[in-house]
Every structure is written in C-alpha cells, then in structure tokens.
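What follows is a short report on a single structure.
Sequence lines set the chain letters: A, B, ... in the order given, protein chains first and strands last, and positions in each chain run from 1.
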Amino acid sequence: MSEEKSLNFIEEIVENDLNSGKYETLVTRFPPEPNGYLHIGHAKAICLNFGLTQKYGGYTNLRFDDTNPVTEKTEYVNSQQEDIKWLGFNWKNELYASDYFDELYSFAVKLIEKGLAYVDEISADEIAALKGTPTEPGQDSPYRNRSVEENLDIFTKMKNGDFPDGAYILRAKIDMASPNMLMRDPIIYRIKHAEHHRTGNKWCIYPMYDFAHGQSDSIENITHSICTLEYVSHRELYDWFIEKLEIFPSKQYEFARLNLTSTVMSKRKLLQLVNENLVSGWDDPRMPTISGLRRRGFTPKSIREFCERIGIAKRENLIELSLLEFCIREDLNKTASRVMAVLDPIKLIITNYEKGTEDLIGENNPEAEDGGGTRVIPFSNELWIERDDFMEVPAKKWFRLAPGAMVRLKFAYIVKCEDFVKDENGNVTEIHCTYIPESKSGNDTSGINVKGTIHWVSAQHAKTAEIRLYDRLFTSETPDAEEGDFKDYLNPESLKVLPNAYIEPALADADLEGRYQFIRKGYFCLDKDSTADKLVFNRTVTLKDTFKKPN
RNA sequence: UGUCCGAUAGUAUAAGGGUAGUACGACAGUUUUUGGUACUGUUUGUCUUGGUUCGAAUCCAGGUCGGACAACCA
C-alpha cells in the first residue's frame, strides 16, 4: 500500500547495477576530510550514502580523507563521528586514507615502473607556467623522460626524507595537451615534513587527493563513489588511475551540492566566522553546522526529512531556508510540550480577583498522540503578559487586548481590559482588567466568545530565564554571490538576548533533551550554557505567523 | 577562445515519445481556548530557434544563460 516514490538518478543507477547483477552488494562511503565541522551540506551527502545502503542493502564506510596533515585534527575526527551518529547513521567500518599510505606508496612505485609517473624538480611556478591554460595546451617538463631507475631512486629518497619540502614531486605521466587540465601530468605525491594526526612522523611524503580517493574507494570495494559536482572533471583521472593500476573499478557519480539561502556553507568561510569570533564557535546556534543546528534545537529527524525533501539531482540549486524551518516545525509540533513564557513583559492586574492564588491545569501537547499529559499552572491576580498583546489604539482586526476589549487567558479566564497606567514617558506600565468567574477554561458557562487567547505567567510564581532569539545569519540570501566580503552581509540582529524573560514554574525542570513550544512564541530548547540558577533557552524557530502587522 | 556539466511554477523535485504532477512558499476560506495545528481551495512552469514524429519537457542540431576546470587543498 506504500506510495510509489520516484527514484533519483543515483537510485536508478544503483537499481540497474543491482538488477543487472553487476554488483551483488552495494558499498558506499562517506569520506570527509577531518579539517572542520560537518554542516547541513554534509548531511545531504550522509543521508544519500547511508540512505542508499539502508534501502538497497549493503553497507557504508566512514572514511576520513586525511592526506593533508597540516589541516587535519583529531578534534575534527571526533566531532564528525559524533554528528553522523547523532543524525542516526551507523557506518560499517571506520577507515582512514592514512591507513593506506603503504599501499598507496606501492601504487606509485607501480606507476613509475610502468613508465606512467615521473619525478619532477621544477618549481611550483614553473609547473603552473608549463601547465598551459584551459584554452592552450601545456608543455612537457624537462624532467618528464627520466629513466624508471632514476625515478625510483629519487622517489625512494623523497620517502626517506632526504629532501626538503618542494624539492621534488611525483607526477603522473599522462598528456600535457589534454583539454582536461587535471590530466596534464597531475601531481600525485608531494614532500611535506609535517606531523600527521595518525601516522605521526612516519611519512614525509603524502599523496594528493586524486591519488588517494579513488584508490581508497577501490581498496574498500566501493561500488558507487558519490561526490559533488565539482569533482566531475576528476572522474577521468579517477578512472585512469584505476585502469593503469588494474585495481577494483569503483565508479564515481556526482550530484549537486546543497546551497541554502542566508548562510554560507564553505568550510573556509565557516572557519573564518569562528576564528574571527563573529560567532561563538562551530556550534553557535546560528551556524549551518550539524552541531550548530543541534544546539539550536533541530532534531535528527527534521534534518533527515529536509534532506529527503530537497532531492538529489545534478542541477545547481539554492534551497530556501523556509523549507528547513518547515521540517523542524513539522516535527516539533508533534513532540514539543506547550508551555507559557513571556518574553517582553508588561503587568496585568485583575482587579476583581479576590483569591490570592489558584492552580490551573494545562494540557502539555494536544498534537501529540498521547496528548502529552497535563501539568499544574499557578494563577493569581497579578500576571505578566506580552507587551505587544496590548494596543492602546487597536488596529483593525485586532483581537488581543485593548481598552474595553476581552481576551481569554490561555488555560484560565476571560478578562476585560478596564484601564491602563502610563509612566511619565507615555509608556504603558500596567493593564487593569476584570475577569469573568464563569469563564474558567474547561467549564465555561459564561456564553461569551472571544477571538483572542493570550499567554501569561503568574507574576508571583514566575521564574526568570535568559532567552536567545536567533534570526538568519546573513541579510543577503546569497552572501557568497554579493560584491565584496561576505562578512559585510552578516545580520547584526542574528542574535537577540532577552536576559530576564518570565517562564512558568514547570519549566524550571527543563533539560537539554526537552523540546518546548512557548505558546504563540515559537519552539525553544535549553542551551548548554544554562546553570542551576540561570536557565538559558534558545529559540529554534518561530511559529508560522500569518497575522499581518498593522502598519 | 577550450573542455565538461546543467536548464521544468517564487524555490526545489517528478513525468524516460502519449493528460506536465508533488512538496515548500504565497494567497483565500473552514475549524480552533496558540493569528499555531488540521482541513479545503486558488495561484504560477517545460530557456530559445529549428528538426524528427500522428504526437516532444523527453530524441537530434544550433543558439542563449548558469556552473565547474589552470592549489605541491580536498
């Protein structure tokens, strides 16, 4: 009875390969370089690779592409593993390109022996000059025709540490006139006297991406090596090495990377935001990193759903942030407890409420399958309500509080605004209401219908909390595409801190896992900065708001 | 000036020679003790010019536009 969902182009390739018997077992891999934190774009690749083997059987490896020791750190390895697990995926093998350094070295020797690689010793500038341009062919290096013996000898010495960085490099001998720049004798090994996060100082030569990635895929018998579009032109080289090395023929397929409005996704730029303290860290709730989204209150499910909805194709795309927001609202609507918090308070006094205090019952979540249970909410004659729920001169179609107007206090009574007090600056400081005793929520016999319901917190019982409101990180939808520095387009109002908001007492028990809807205000979660005497809440996302502001 | 990749509503994504569909967004309405949720409805699209064909988003050719490629990064 399940609905027929159309396949994306990669699923089609996989199904064909499986049905034709080309492969018995599907093997994919997720291959991050441990040089930064994973972001939502990586989540797309993670969901694709792991999703494929969940759907079609087989397995997915986690392989760290750690061939450049100067940018990589164990800290990143750890965070990347944590993020993948948090998203809900399990890899079969935890592997590292650096596990294959010996094998990769012997692949290079094999290439030299076949006359398909040579040691060059001209400078980087000279190499670039001889490379030609996309429209002009390159020229051979004077060292291109060294003998196999000499190449082997120098390459061995490179490995042994006899030379400083940059003195020699190993190049594949392909075609200096190829229309594909990557085929113009690409560099495959360079000398780098640097400590590697895993192999330490064992090596002073390291393979380049192109001489490590495809070979690693092949060693692991990866059947479908899925990467983003910028690697299309690498595919020719990928296949060339596999063919010449005569190893397992993994195949590379490319899909369009995710772009999201109002943020940046490149690791270089994210690192800049972190290093220049423009955000509080990789896990700043405004960051598009997995850790940032987690801290912001996103759930793994919502991110998986998002990745499902954006689809997989080869067209360049720019996804609207509103889709991500839709996904998290959809999830949280079903799971978040409804509670009351007043962010921008103003005092409301019920002049005819005699009783000092009263316990009311609140439903935690009518949207949840089990209703979410109930809780006690203390009520009294002095409440905090939201400042913008009162208008001295009501706008048209205003159904909140205004002089003479009636609203329901959520879970409580209907009140009528009788009067209000202003300070010397003309700001309203207090609203005086009368309540209708027969209108109590649950057994309302008043017969009165009001259009508006507002949230509140009993002043006498309220706790205070710091609340952090987040907005998009950039004012431009495409900060990457703007003139000048992308940082010029940072949104100065991306974080607004309310140090003293009022929350209902039940919220004092909030924990890091909890998800809350502050009624009419949005979805919130506790931040890790919270302490026993100071709770801090992050706004994950606002509620959808279709009320047109009077202006 | 070269090679490669791509082009379907505002944004994404289907339709693989036979009725252009879905989601998000936007707009309107119903319900509602959250101006939320739920439900209903409306809206807007095949880059262009030719060709093949009874029939083209789909196949072919040219054009236009967008992206990628000249790191001892991945």
Side-chain angles (χ1 to χ4, degrees), chain A residues 3 5-8 12 31-33 35 65-68 70-72 97 120 123-124 127-129 131-138 165-171 178-184 186-192 205-206 208-210 212-213 227-236 254 256 261 267-268 308-327 329-330 333-334 338 340 363 366-367 397-400 407-412 414 439 441-442 444 449-455 517-523 542-548:
Chain A
E3 243 164 68
K5 203 178 170 282
S6 60
L7 305 178
N8 65 50
E12 283 188 21
E33 183 188 13
N35 68 343
D65 226 336
D66 56 350
T67 56
N68 185 2
V70 302
T71 59
E72 295 150 7
D120 205 347
S123 70
I127 287 180
K131 196 145 196 172
T133 68
T135 55
E136 298 161 39
D165 289 6
Y168 293 90
I169 50 152
L170 185 69
R171 294 229 247 171
S178 170
N180 183 348
M181 298 291 289
L182 283 162
M183 299 299 278
R184 321 246 261 228
I187 294 166
I188 59 180
Y189 259 96
R190 76 286 213 191
I191 301 171
K192 243 185 220 283
I205 57 171
Y206 292 93
M208 298 289 288
Y209 166 83
D210 286 303
H213 201 101
C227 60
T228 48
L229 246 26
E230 60 266 36
Y231 291 96
V232 167
S233 55
H234 291 252
R235 188 174 61 234
E236 190 179 359
E254 310 88 10
T261 57
K267 264 190 220 170
R268 201 192 97 244
E308 188 66 34
R309 283 170 179 269
I310 58 180
I312 301 292
K314 299 185 80 155
R315 171 164 42 137
E316 302 283 341
N317 59 78
L318 179 62
I319 308 286
E320 292 171 347
L321 202 59
S322 59
L323 183 61
L324 221 206
E325 294 182 338
F326 166 81
C327 291
R329 286 192 189 110
E330 184 190 40
N333 177 48
K334 292 277 189 289
R338 314 287 127 135
M340 296 198 285
E363 250 188 320
E367 303 298 332
K397 283 193 142 183
W398 177 258
F399 32 92
R400 281 118 95 160
V407 294
R408 172 169 299 278
L409 297 169
K410 180 77 180 172
F411 302 128
I414 292 173
S439 68
S441 191
D444 183 345
N449 270 320
V450 292
K451 280 215 134 174
T453 299
I454 65 172
H455 60 282
Q517 186 197 101
F518 290 3
I519 291 176
R520 301 207 304 137
K521 283 286 141 187
Y523 293 99
T542 59
L543 256 28
K544 192 174 165 190
D545 185 8
T546 55
F547 173 61
K548 286 173 279 306

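- Remark: the separation of the P atoms in B/C59 and B/A7 is 10 Å, to the nearest Å.
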Going 5' to 3' along nucleotides 67-74 of chain B, which nucleotides have protein heavy atoms under 4.0 Å from the base (write B), which only from the sugar-phosphate (write S), and which from neither (write -)? SSSB-BSB
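- B/C5 atom P lies 8 Å from atom NZ of A/Lys314, rounded to whole Å.
- If you take atom C1' in B/G35 and the same atom in B/G29, they sit 15 Å apart, rounded to whole Å.
- What separates CZ of A/Arg184 from P of B/U3 is a distance of 12 Å, to the nearest Å.
- Across B/G51 and B/U43, the matching P atoms stand 33 Å from one another, rounded to whole Å.
- A gap of 5 Å separates the C1' atoms of B/A57 and B/U46, to the nearest Å.
- Here A/Tyr523 pairs with nothing under the ring-ring contact (aromatic ring centres under 6.0 Å, His included) rule; sequence neighbours left out.
- Applying the side chain to side chain donor-acceptor pair (under 3.5 Å) rule to A/Glu230 yields the partners A/Thr228, A/Arg257; only residues at least two apart in sequence or on another chain are considered.
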For nucleotides 30-39 of chain B, give me one character per nucleotide, 5' to 3': B if any protein heavy atom sits under 4.0 Å from the base, S if the only such contacts are to the sugar-phosphate, - if neither. ---BBBBB--
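- Centroid-to-centroid, the aromatic rings of A/His213 and A/Tyr231 stay 6.0 Å apart or farther.
- A/Glu33 is linked by a side chain to side chain donor-acceptor pair (under 3.5 Å) to A/Asn35, A/Thr71, counting only residues two or more places apart in sequence or in another chain.
- Looking only at distances, a side-chain donor or acceptor of A/Thr261 sits under 3.5 Å from a matching main-chain atom of A/Leu321.
- To the nearest whole angstrom, the two C1' atoms, one in B/U31 and one in B/G36, are 13 Å apart.
- Contact of the A/Ile169 side chain with the A/Ile127 side chain is registered, since non-hydrogen atoms from C-beta on lie closer than 4.5 Å.
- For the pair A/Arg400 and A/Phe547, the cation sits on the ring face: its NZ or CZ lies under 6.0 Å from the ring centre, inside 45° of the axis.
- Under the rule for a side chain to side chain donor-acceptor pair (under 3.5 Å), A/Thr546 has no partner lying at least two apart in sequence or in another chain.
- For A/Met208, the side-chain contact (heavy atoms from CB on, under 4.5 Å) partners at least two apart in sequence or on another chain are A/Ile187, A/Arg190.
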Please write out the pairs of protein N or O atoms and N or O atoms of nucleotides 40-44 of chain B separated by less than 3.5 Å, giving the distance to one decimal.
none

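- The distance between atom CZ of A/Phe326 and atom P of B/U22, rounded to the nearest whole Å, is 16 Å.
- Nucleotides B/A15 and B/A56 have their C1' atoms positioned 13 Å apart, rounded to a whole Å.
- Going from atom CZ of A/Arg315 over to atom C1' of B/C47 covers 12 Å, rounded to whole Å.
- Using a distance-only test at 3.5 Å, with no hydrogens or angles considered, no donor-acceptor pair links the side chain of A/Asn333 to the main chain of A/Glu367.
- Side chain of A/Ser322, nearest nucleotide from B/G10, B/G25, B/A14: B/G25.
- Rounded to whole Å, atom P of B/A12 lies 14 Å from atom CG of A/Leu321.
- Under the 3.5 Å distance criterion, the side-chain polar atoms of A/Arg408 are matched with a main-chain donor or acceptor of A/Ser439.
- Looking at residues two or more places apart in sequence or on another chain, you find no side chain to side chain donor-acceptor pair (under 3.5 Å) involving A/Lys131.
- With values rounded to the nearest 0.5 angstrom, A/Ser233 atom OG is found 10.5 Å from A/Met183 atom CE.
- Look at the C1' atom in both B/G25 and B/A9: the space between them is 11 Å, to the nearest Å.
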So what is the 5' to 3' dot-bracket string for RNA chain B, if pairs are Watson-Crick or G-U wobble with both distances under 3.5 Å, crossing pairs use [ ] and | means the partner sits on another strand? .((((((..((((....[..)))).(((((.......)))))....(((((..]....))))))))))).....
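- One atom, CG of A/Leu324, and another, P of B/G25, lie 13 Å apart when rounded to the nearest Å.
- Straight-line distance between the P atoms of B/U11 and B/U48: roughly 15 Å, to the nearest whole Å.
- Per the geometry, CZ belonging to A/Arg309 stands 19 Å off P belonging to B/U11, to the nearest Å.
- Partners of A/Arg309 by side-chain contact (heavy atoms from CB on, under 4.5 Å), not counting sequence neighbours, listed by chain and number: A/Glu305, A/Leu323, A/Phe326, A/Cys327, A/Glu330.
- Residue A/Leu323 contributes atom CG, which lies 17 Å from atom P of B/G10 at whole-angstrom precision.
- Taking the side-chain contact (heavy atoms from CB on, under 4.5 Å) definition, one finds that A/Ala167 meets it with A/Phe163, A/Pro164, sequence neighbours left out.
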